[in-house]
Engineer: 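This structure is in structure tokens; I'll ask about it shortly.
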2 protein chains.
Amino acid sequence: MSAAWAVAREQGLAQLTLREVAARVGMRAPSLYTHFASKHAIYDAMFADAWTQYLEVDEAAGADELVGARAVLRHSARTFFDFAVADLARHQLMNQRTIPGFEPSAEAYGPAVAVLDRFRSQLAGFGITNEEDVALATAIIGGLVDQQLANDPGGDRWSRLVDRVVDMLADNLGLPPDNPEETS
Amino acid sequence: MSAAWAVAREQGLAQLTLREVAARVGMRAPSLYTHFASKHAIYDAMFADAWTQYLEVDEAAGADELVGARAVLRHSARTFFDFAVADLARHQLMNQRTIPGFEPSAEAYGPAVAVLDRFRSQLAGFGITNEEDVALATAIIGGLVDQQLANDPGGDRWSRLVDRVVDMLADNLGLPPDNPEETS
DNA sequence: GTCTATACACCGATAGAC
DNA sequence: GTCTATCGGTGTATAGAC
């Protein structure tokens with residue numbers, strides 16, 4: 001698995017080959033079929049691994065301990081953005097349909113669903129329960145990530161917009177400013 | 001070219017093969033090298049073709065003839081969204097980095113730059129000249145498109161959010177409501 | 001069980017005959 | 001300009017050694 005991640009990072013997710021992964025663990029390509037049913041099964045395990053990684057990162061980030069809806073959302077968005085931008089191959093696997101014909105299995109989707117549920121309940125804590133609002137929030141943050149990786153990899157042209165976007169979203173959702181005596 | 005588009009639509013952009021394209025025009029694969037230097041050269045021509053298509057669609061849509069900044073932006077956003085969602089393979093080529101190692105040539109970028117310049121001058125007409133605001137607008141609409149195609153292809157879960165997102169953006173940009181006697 | 005050796009069908013690309 | 005033949009690469013399958 002870690003060999004597979006290394007190859008994906010170095011050569012690109014789609015350029016991952018069984019022969020290269022096998023070579024890094026001192027094997028020949030066909031031997032991998034003892035452990036994985038196919039190349040897609042490797043992607044599947046990586047997909048689950050990546051979302052499990054993020055679930056732990058998100059829990060460790062402790063956004064829930066902050067005071068104020070906007071502060072919590074800003075922190076969650078920043079955590080997601082930074083995690084996604086830090087590893088292009090991982091992000092392509094987690095959030096895009098880069099690999100032709102690859103669809104994660106139901107088991108692999110488990111941790112991804114857990115992450116989304118965490119976000120949903122976070123929003124619910126601020127009275128946001130509408131599914132449409134959740135879809136809006138994920139789309140907007142995802143849009144920033146995609147633009148950053150596609151058009152300014154390694155830079156910060158869209159990274160600098162994360163806080164602004166969260167506040168824009170909070171305004172649209174009708175969330176009050178965190179500090180009551182402030183007016184926007 | 002039209003054969004290439006047909007293959008990309010039917011089998012996926014990345015599954016496009018020279019043999020299949022050649023077969024559809026009554027040739028063998030190597031003969032294509034007389035007309036294109038490589039497979040990437042075909043992608044390059046398709047990239048330019050797609051953005052040229054959109055440039056024409058956008059000009060024909062006539063958003064500029066509408067009255068009111070928000071109405072214009074809503075119309076432009078809808079035009080872009082519908083065009084992108086109508087053809088997954090085309091959108092992957094135009095707006096994502098789906099093909100490993102493929103980077104459009106400077107010539108192929110021409111029409112794409114023209115489209116962006118059109119959008120930029122549209123915003124400038126409403127007093128929006130900050131590059132950051134342009135980046136924000138493109139990221140947000142792009143985010144909707146990606147979510148729609150990835151998580152609800154053929155549906156309308158994010159399509160329904162286009163107007164709302166444009167108004168959210170307009171609020172953030174400080175654009176007044178189109179109808180002066182209305183208050184948000 | 002675990003791995004190797006071998007094979008197959010496909011890919012993009014090139015060389016050279018016509 | 002198009003062909004055939006071929007090369008090195010890929011994912012994948014299977015037979016058989018240990």
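Side chains are part of it too, since the values below use all heavy atoms of this structure and drop only hydrogens, waters and symmetry mates.
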Engineer: Listed in order of residue number, which residues of residues 24-36 of chain B have a non-hydrogen atom at under 4.0 Å from DNA chain C?
Structural biologist: B/P30, B/Y33
Engineer: Grab the CD-P distance between B/E20 and C/dC10 for me, whole Å please.
Structural biologist: 12 Å
Engineer: Do B/D49 and B/W5 meet the criterion of a side-chain donor-acceptor pair at a distance under 3.5 Å?
Structural biologist: yes
Engineer: Could you check A/H75, A/R118, A/E59 and say which one makes a side chain to side chain contact (heavy atoms under 4.5 Å, CB included) with A/D64?
Structural biologist: A/R118
Engineer: Rounding to 10°, can you tell me the angle the first-five-pair axis of the helix from C/dG1-D/dC18 to C/dC18-D/dG1 makes with its last-five-pair axis?
Structural biologist: 10°
Engineer: I'd like to know if A/D167 and A/R164 make a salt bridge, using a cut-off of under 4.0 Å between side-chain N and carboxylate O.
Structural biologist: no
Engineer: Has A/W158 got a side-chain atom pairing as donor or acceptor with B/A135's backbone, closer than 3.5 angstrom?
Structural biologist: yes
Engineer: Going by the rule side-chain contact (heavy atoms from CB on, under 4.5 Å), which residues pair with B/H40 if we only count those two or more places apart in sequence or in a different chain?
Structural biologist: B/S38, B/Y43, B/I99, B/F102
Engineer: Listed in order of residue number, which residues of residues 7-19 of chain B have a non-hydrogen atom at under 4.0 Å from DNA chain C?
Structural biologist: B/L16, B/T17, B/L18, B/R19
Engineer: Taking the side chain from B/D146 and the backbone from A/D146, do they hold a donor-acceptor pair closer than 3.5 Å?
Structural biologist: no
Engineer: Would a distance-only check, ignoring hydrogens and angles, find a side-chain to backbone donor-acceptor pair under 3.5 Å from B/R78 to B/S159?
Structural biologist: yes
Engineer: For DNA chain C, which residues in residues 96-105 of chain B have a heavy atom at a distance below 4.0 Å?
Structural biologist: none
Engineer: Please determine, by modelled atom types, if A/S105 and A/D44 share a side-chain donor-acceptor pair under 3.5 angstrom.
Structural biologist: yes
Engineer: Report all interatomic pairs (protein N or O, nucleotide N or O of nucleotides 16-18 of chain C) with separations under 3.5 Å.
Structural biologist:
none

